[in-house]
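To keep things clear, I will list the structure first and then write my remarks on it.
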Amino acid sequence: MTRWVLHVDLDQFLAAVEVLRHPELAGLAVVVGGDGDPTKRGVVSTASYEARALGVGSGTPLRTAAKRIPDAVFLPVDRPHYEAASATVMAALHEVTDEVEELGWDEAFLGIDDPPDDDPEAVARDVQRRVLAASGLHCSVGIGRNRLQAKIATDYGKPAGVFRLTAATWFDLLGDLPPSALWGIGGKTSTKLAELGIATVRDLAGADVEALSARFGPTTGPWLQRIGAGRDSAAVRESPRERRSLGREVTYQQDLHDWDDVRAQVVELATRVAGEVAESGRDAVRVVLKVRFVPFTTRTSSRVLPEPTTSATAIEQAALEAFARFEPRAVRLVGVRAELSR
DNA sequence: TCTGGGGTCCTAGGACCC
DNA sequence: TCTGGGGTCCTAGGACCC
């Protein structure tokens, strides 16, 4: 039996969906983010390839994007519309196999056993045709023997391509790259690894697991070495998985200077979250309050609920108890998150 | 550059108990 | 009067991802 994992990633998803319904935007620098007003606080969710070529990508502050590309088309994030497009795509993927693990709106892993002629590329191209036919959207497909290989392969297939990455080519392709080239390693971990003399993926694969464990802990240490070597579980976890938490947060356009205003926002968010907890049919077991002070210092405070509950009163009270631990200061963001019972 | 909103998982320290 | 080892829970925060 031969086992393959395919990683399907829609190309410039939000921008592509917008171009589909506004064909006149094709070929333009399209920037989707916030409420579409680039003078407000917010960041870019997705930029079209044309915008990326001009220095604007996901995470770029909208105000920066507007300075870099004054004549870009700025559009608001339209969640319901993207969710519908995503559902169409995921349905197309489920026609290929039941083994589908969704990763947000625009990505999924597919588990494929024994493809015809042991030709996973043919399956990948079939996936691309089906997605395009169903949704009008192009995607790239990475092929690997596990999720990690497939996920990284996709980048080499973009846009609209197919790319295979296995143990045979892992070090040829990635060996000399910094560890941050790997899925799960960001800038912070990369810096810590450099302090241990680990500068490349090859170094990481050959690193001493004991040393990694001493620095990163008993779970993360060995995991880092494994992903350096390109090893990962081939299991595709069926989605949707049981959600662990549910929250709402808001960055205010103007900083809140009045502590009573902040308190009122805590209550409002807690009420909203409580409503959604009740709707979810699950119980909350803990409430986490998040406050981002001016200029950008973030603090959290949490309370275990006396018992698992959907009670808005209990959730609000826990949020306020957490709130009472903070000293009054100017605030730019308030968030409330409920952790759900297992 | 002046930094969203939705999440997940892991670590570490202190409290507390046996 | 100076002190163990293990286990679990709670809390805060870090890091990462889409």
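What you are looking at is a predicted structure, and each value in this text was computed from that prediction instead of being measured. Every chain is numbered from 1, with letters handed out A, B, ... down the list of sequences.
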(message) Could you work out, with side-chain contact (heavy atoms from CB on, under 4.5 Å) as the rule, every residue matching A:P222, not counting sequence neighbours?
(response) A:V209, A:S213, A:R226
(message) Within the 4.5 Å heavy-atom criterion, are A:Q12 and A:H138 side-chain neighbours or not?
(response) no
(message) Using a 4.0 Å heavy-atom cut-off to protein, can you give one letter per nucleotide of nucleotides 3-10 of chain B, 5' to 3': B if the base is in contact, S if only the sugar-phosphate is, - if neither?
(response) BBBSBSSS
(message) Please enumerate all residues that pass side-chain contact (heavy atoms from CB on, under 4.5 Å) together with A:E95, with sequence neighbours excluded.
(response) A:R130
(message) Using modelled atom types and a 3.5 Å cut-off, is there a donor and acceptor pairing between side-chain atoms of A:R248 and backbone atoms of A:L269?
(response) no
(message) Checking A:T200 against A:D203: is there a side-chain donor and acceptor pair closer than 3.5 Å?
(response) yes
(message) Does the protein touch nucleotides 11-18 of chain C at the base, only the backbone, or not at all? Give it as B, S and - per nucleotide, heavy atoms under 4.0 Å.
(response) BSS-SSSS
(message) Ignoring hydrogens and geometry beyond distance, is a side-chain donor-acceptor pair present between A:R41 and A:T251 at under 3.5 Å?
(response) no
(request) Between A:R215 and A:T64, name the one whose nearest nucleotide on DNA chain B is closer to the 5' end. (result) A:T64
(message) Requiring both pairing distances under 3.5 angstrom, list the stems that contain DNA chain C and are made of three or more consecutive Watson-Crick or G-U pairs.
(response) B:5-18 with C:5-18
(request) Using the test side-chain contact (heavy atoms from CB on, under 4.5 Å), find all partners of A:P308 that sit at least two apart in sequence or belong to another chain. (result) A:D283, A:V285
(request) Please determine which of A:D118, A:D114, A:D119, A:D113 meets the side chain to side chain donor-acceptor pair (under 3.5 Å) test together with A:W4. (result) A:D118
(message) Taking only the P atom of each, what is the distance from C:dG4 to B:dG14 in whole angstrom?
(response) 16 Å
(request) May I ask you to check whether over 12 heavy atoms, not counting those of A:R263, lie within 6.0 Å of atom CZ? (result) no
(request) List the atom of A:A229, the atom of A:F171, and the distance in Å for their closest heavy-atom pair. (result) CA-CZ, 4.2 Å
